[in-house]
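In the text below, chain A, chain B and the rest are named by the order of the sequence lines, each starting its count at 1. Just so we're clear, the structure is a prediction, and the values are computed from it rather than from any experiment.
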Amino acid sequence: MAKMVMMLVDDEERFLSTTSKLLNKKGYEPLTATSGQEALDKLAKEYVDVVILDVKMPGMDGVTALKEIKSRYPLVEVIMLTGHGTIDNAVEGMKTGAYDYLTKPCDLEELITKAEEAYERKRMMEEKIRMAQVRKAMASPREVVKETDGGK
Amino acid sequence: MEHQAKQPYKALKNKILATMIVVPGIPFLLVMAIGYYQFTSALQSDAHARMTRIATDHRRVIQMFLDERKSDLAFVADAVSFDQLTRKEKLTEVFNDLRKTSPAFVDLGVFDANGTHVAYQGPYQLLGKSYGDAPWFQMVMKKGYYVSDVFLGYRKVPHFIVAVKASQNGGEWVLRATIDTLFFTDMVEKVRVGKTGEAYIINDQGIFQTERRSGGDLMQKDQENLHELTPKGQVESFVRKGASGEAYIYATAWLNDHKWILVVRQEVGDAMSSLRTASYLGLVIILVGGAGILAMAFYLTGSIIRRMESADQEKSELGQQLIMASRLAEIGEMSAGFAHEINNPLQIIRAEQTLIETILEEMRERQELPENEDMEQVLDSMRQIKLQVDRCGGITQGILKFARQKETQSEAVDLARFVPEVLEMVAKKAEVNGIVLQKEISGPLPPVSADPGQLQQVILNLVNNAFDAASERYGASGGAVKVKVASENGKAVIAVSDNGQGVSKENLEKIFSPFFTTKPVGKGTGLGLSICFGIIDKMGGDIAVESQEGAGATFIIRLPIES
């Protein structure tokens with residue numbers, strides 16, 4: 001089973017670096033971004049499964065970033081990271097497509113657990129899509145070949 | 001507070017009261033005064049007119065009487081000759097005829113030109129006396145007739161006479177009759193006006209010609225000098241003080257060729273007696289009307305002030321609630337921002353601590369850590385850091401909970417079990433501070449609907465405050481705190497009482513306001529009771545405080561019973 005790729009998005013760099021180190025120790029290799037814009041830029045270049053997204057950031061805020069991510073990469077799961085006071089935003093985020101939310105200060109274990117759950121869902125979705133494509137291929141293999149060619 | 005609030009009402013009350021009394025009072029008194037004045041002057045002119053009329057009529061009657069007596073004598077003098085009259089039988093016959101026309105004739109006498117009394121019919125012995133030098137005789141000889149003043153004469157009895165001169169065959173003689181003064185006085189006095197009305201005659205020297213009922217003998221001098229005051233001609237009326245000091249309305253009229261004055265007079269008080277009745281009536285009206293105005297003014301003012309007071313009180317209560325609500329909202333916003341900002345560094349501390357812990361764990365696995373006391377200390381410190389960060393997280397979440405109290409999770413709470421559990425948590429603290437903590441739970445207690453965590457927070461807050469109040473007053477021993485739970489009027493009541501110093505009246509008003517505290521700087525944020533208020537309010541209950549300064553305080557929470 002492939003390792004999940006996480007991206008941490010927060011304006012606190014020390015939080016990013018320390019959490020990255022911890023995740024490294026748990027065997028993950030997370031990407032980091034200090035703003036919503038940087039996250040979108042990195043998503044364009046790199047493969048990411050789950051985004052841990054701080055709600056309150058300078059520049060593009062978490063909810064706007066989430067909408068962008070979901071519209072460009074619908075399969076990427078997003079977990080909102082919020083101070084309790086911005087739970088309203090987290091709720092709004094979930095309505096827009098976030099998988100879940102975490103309140104600060106959060107435990108690393110909690111973070112990993114939720115990220116894994118999100119990753120699981122993403123894999124199931126991808127599995128469903130793959131199954132659907134397989135079914136389609138069996139019905140009309142040429143279409144699949146055409147589509148695959150077109151997609152490349 | 002109560003006292004200060006009353007002051008502006010008092011000023012306002014006085015103002016309204018004054019207006020309500022003065023506005024109807026002035027026209028009322030004005031009407032009464034004008035009415036009194038008009039009535040008095042009408043009455044006065046009426047009295048004067050009446051006196052004048054009486055005097056005029058009476059003068060005519062008296063003058064007519066005198067004229068008639070004079071005519072009687074003139075007729076006799078014309079019809080009967082001197083010689084005939086000097087005969088006793090004829091004189092008697094004539095006298096009897098005269099008595100028939102007027103019983104006022106007392107006697108009748110005939111005098112020759114020298115004034116010698118030549119014939120007499122009457123009760124006295126006057127024959128032969130000579131009157132040639134008497135003033136009346138000379139006046140008769142000069143003017144042809146004469147009516148004398150009252151005088152004593154030879155007979156030493158007051159009387160007056162009427163005399164006429166007759167001429168016959170070139171010789172002159174005089175016929176004289178005496179008029180009964182009693183009869184005359186009776187006629188003059190016959191005027192009756194009120195109780196004190198009277199009529200009398202004085203001559204041009206002020207000597208009484210008839211008796212005066214209220215004192216004044218015949219031929220005495222009247223001290224009032226009316227003869228000097230009375231103008232010749234018209235009948236005059238005027239008000240003047242009599243000799244006795246009483247004020248009288250006088251009407252005077254000259255008669256008998258301006259030798260006599262008819263006086264009609266009445267005491268002013270008597271003439272105006274209807275005024276007194278009217279005055280009493282007016283006084284009663286003023287008193288009753290005034291009392292009515294006063295009563296109405298007090299009643300209306302009272303009810304206006306009461307309404308204003310209750311309206312103001314409602315307004316101020318509403319204002320208090322609004323201020324409280326807006327303060328709570330403000331503190332909510334502020335503390336939410338604060339908590340959120342604190343959460344970021346807490347998150348980093350948490351991450352750092354986890355990292356250190358992980359690294360230490362790895363080092364231990366690699367056997368790189370020394371197994372000594374210092375290392376144990378480091379590991380213990382690490383656990384403490386984690387614990388304290390968790391605690392901070394709890395605090396900030398608590399603040400956020402207060403700020404965003406949407407998250408209340410109400411459930412049925414059995415206070416009979418719940419409250420003792422909460423008190424168990426502070427039992428140790430009570431013991432340490434030497435405070436007797438009592439609980440009194442009187443059932444039956446139906447469950448209430450509340451968020452247990454928040455309710456616990458409220459009870460702990462109130463109990464801790466009570467501890468502080470009791471300790472502050474009694475120090476290490478003597479403090480007492482009592483928590484009572486009961487149900488009352490369909491509500492569950494939790495009352496926390498202490499025996500501390502109590503709360504002053506001014507502070508009672510502000511006690512639930514955010515940031516209000518009486519504790520020393522750094523000992524309290526002034527948020528506790530404000531948060532309690534917010535929580536209980538959200539639960540649909542209410543919280544109140546009762547306190548007597550110097551006799552402790554009681555905080556009372558009322559919660560709705562779960563339906």
Side-chain angles (χ1 to χ4, degrees), chain A residues 6 8-30 32 34-35 52-59 61-63 79-95 101-115, chain B residues 328-366 368 382-383 385-409 453-454 531:
Chain A
M6 281 186 267
L8 301 170
V9 187
D10 198 315
D11 55 325
E12 300 272 358
E13 283 182 40
R14 182 70 199 190
F15 171 70
L16 293 180
S17 64
T18 308
T19 312
S20 294
K21 276 182 218 163
L22 280 166
L23 288 172
N24 282 332
K25 288 193 181 294
K26 299 285 176 186
Y28 299 98
E29 287 171 4
T32 60
T34 55
S35 70
I52 313 288
L53 182 62
D54 189 14
V55 170
K56 211 181 155 205
M57 284 184 297
D61 73 42
V63 178
I79 293 171
M80 309 295 284
L81 187 56
T82 172
H84 197 92
T86 48
I87 276 181
D88 289 348
N89 289 339
V91 170
E92 197 192 330
M94 285 194 289
K95 282 182 189 161
Y101 72 93
L102 284 164
T103 53
K104 289 180 183 180
C106 76
D107 239 16
L108 187 69
E109 291 303 320
E110 208 184 337
L111 189 148
I112 292 171
T113 309
K114 290 213 167 153
Chain B
L328 285 176
E330 247 171 58
I331 188 71
E333 289 301 319
M334 203 199 80
S335 49
F338 162 76
H340 188 77
E341 289 310 316
I342 290 291
N343 277 342
N344 275 332
L346 278 179
Q347 178 72 75
I348 295 168
I349 296 170
R350 159 62 59 84
E352 300 297 332
Q353 184 268 335
T354 312
L355 183 60
I356 297 170
E357 207 172 50
T358 311
I359 291 169
L360 284 175
E361 190 59 32
E362 284 170 2
M363 284 170 79
R364 200 220 296 273
E365 277 170 16
R366 290 201 300 270
E368 285 169 13
M382 284 317 300
R383 280 192 293 276
I385 292 172
K386 182 171 162 53
L387 215 65
Q388 297 305 326
V389 169
D390 281 349
R391 193 173 151 201
C392 284
I395 292 169
T396 54
Q397 285 192 10
I399 292 175
L400 289 165
K401 236 182 196 175
F402 158 63
R404 313 263 158 165
Q405 274 165 10
K406 286 170 185 162
E407 308 301 308
T408 51
Q409 271 149 18
Q454 291 185 346
I531 290 172

| Can a salt bridge be assigned to the pair A:D10 and A:K104 using a cut-off of 4.0 Å between side-chain N and carboxylate O? | yes
| A:D11: side-chain hydrogen bond (donor to acceptor under 3.5 Å, both in side chains) partners, not counting sequence neighbours |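 A:D11 satisfies side-chain hydrogen bond (donor to acceptor under 3.5 Å, both in side chains) with no residue once adjacent residues are dropped.
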| field | Listed partners of B:K386 passing side-chain hydrogen bond (donor to acceptor under 3.5 Å, both in side chains), at least two apart | value |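 Result, side-chain hydrogen bond (donor to acceptor under 3.5 Å, both in side chains) vs B:K386: none returned.
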| Winner by heavy-atom pair count (cut-off under 4.5 Å) against chain B, out of A:T18, A:D107, A:L16 |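 Option with the top pair count is A:T18.
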| Residue A:L22 versus chain B: region with a heavy atom under 4.5 Å | both
| More than 12 heavy atoms of other groups within 6.0 Å of B:Q388 CD |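 More than 12 heavy atoms, drawn from other residues, nucleotides or ligands, come within 6.0 Å of this atom.
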| request: Please say whether more than 12 non-hydrogen atoms of neighbouring residues, nucleotides or ligands are located less than 6.0 Å from CD in A:E29. | output: no
| Among residues 352-362 of chain B, which residues come closer than 4.5 Å to chain A, judged by heavy atom distances? | B:E352, B:T354, B:L355, B:T358, B:I359, B:E362
| task | For side-chain contact (heavy atoms from CB on, under 4.5 Å), just list the numbers for A:D54 and A:F15, CA-CA rounded to whole Å, side-chain angles, deciding distance to a tenth of an Å, and then say yes or no. | result | CA-CA 11 Å; A:D54 189 14; A:F15 171 70; over 6 Å; no
| query | Can you name the side-chain contact (heavy atoms from CB on, under 4.5 Å) partners of B:I342, sequence neighbours left out? | reply | B:F338, B:L346, B:T396
